[in-house]
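Read through the structure below, which is laid out as structure tokens, and then see the notes.
Just so it is clear, the values below take in all heavy atoms, side chains as well, and ignore hydrogens, waters and symmetry mates.
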Amino acid sequence: WCSVSCIKTLRALGHEAIVVNCNPETVSTDYDESDRLYFEELSHETVLDIVELEKPAGVVVSVGGQTPNNLAMGLAENGVNILGTSVDAIDTCENRFKFSKLCDSLRIDQPEWSEFTTVEEAFHF
């Protein structure tokens, strides 16, 4: 739903919408919504190759789930213009330490948490 809404908004604003997707279930009913659909793996290299070919004004990663969020920083570091949610905001929400610090600064209660590398550490938490 998020991707289709984004596509419709981009097209209503007069832009082409190109989608890269690797999940057949998510495109099976909406395959004709975008101007072009690349049914490819969502990897750093694949997206950079498509960006090089298509030369888009920017890339929206924030409507595609976890995998594109994970690619955002590397794409930005390679000169890809990330549209919508900023790379810094994505990183803050994806990094538990940064997110916790943000919650603290906003005085938002959060459960006690910690990071573990062994089951024993988690058990004793």
For [X], which residues count as a side-chain hydrogen bond (donor to acceptor under 3.5 Å, both in side chains) partner, sequence neighbours excluded?
| X | value |
| --- | --- |
| E120 | none |
| N81 | none |
| K8 | none |
| E54 | R36, Y38 |

Residues which pass ring pair (Phe, Tyr, Trp, His ring centres under 6.0 Å) with F97, listed by chain and number, not counting sequence neighbours: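 F97 satisfies ring pair (Phe, Tyr, Trp, His ring centres under 6.0 Å) with W113 once adjacent residues are dropped.
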Residues that F116 engages under ring pair (Phe, Tyr, Trp, His ring centres under 6.0 Å), provided they are two or more places apart: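 Result, ring pair (Phe, Tyr, Trp, His ring centres under 6.0 Å) vs F116: F125.
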Got a sec, which residues hit side chain to side chain contact (heavy atoms under 4.5 Å, CB included) with [X], two or more places apart in sequence or on another chain?
| X | result |
| --- | --- |
| N70 | Q66, E94 |
| L48 | H44, L75, N78, V80 |
| S5 | W1 |
| D35 | R11, E16, A17 |

Flag yes if [X] and [Y] sit in one hydrophobic cluster, no otherwise; membership is Ile, Leu, Val, Met, Phe, Trp, Tyr, and two members link when side-chain heavy atoms are under 4.5 Å apart.
| X | Y | value |
| --- | --- | --- |
| L53 | L42 | yes |
| I90 | V59 | yes |
| V19 | V47 | no |

Going by side-chain heavy atoms closer than 4.5 Å, which hydrophobic residues are tied to I108, directly or by a chain of links?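 When side chains under 4.5 Å apart are linked, the cluster holding I108 also contains L102, L106.
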Apart from V63 itself, what residues make up its hydrophobic cluster, given side-chain heavy atom links below 4.5 Å?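 Traced through the cluster, V63 reaches V60, L83.
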Please report the shortest heavy-atom distance between [X] and [Y], naming the atom on each side.
| X | Y | value |
| --- | --- | --- |
| P68 | V61 | CB-O, 3.5 Å |
| N69 | S62 | OD1-CA, 3.9 Å |
| M73 | V87 | SD-CG1, 3.5 Å |
| I7 | E33 | CG2-O, 3.4 Å |

With rounding to the nearest 0.5 Å, note down the distance linking [atom1] in [X] to [atom2] in [Y].
| X | Y | atom1 | atom2 | result |
| --- | --- | --- | --- | --- |
| E121 | S114 | CD | OG | 7.5 Å |
| S43 | L71 | OG | CG | 7.5 Å |
| Q110 | E112 | CD | CD | 10.5 Å |

I'd like to check I18 versus S34 (side-chain heavy atoms, cut-off strictly below 4.5 Å). Are they in contact? no
Beyond-backbone contact of L10 with C6, side-chain heavy atoms, under 4.5 angstrom: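 Yes - at least one pair of side-chain heavy atoms lies under 4.5 Å apart.
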Is a side-chain N or O of K98 found less than 3.5 angstrom from the main chain of N95, in a donor-acceptor match? no
Less than 3.5 Å apart, any donor N or O on the side chain of N21 or E40 sitting next to an acceptor on the other? no
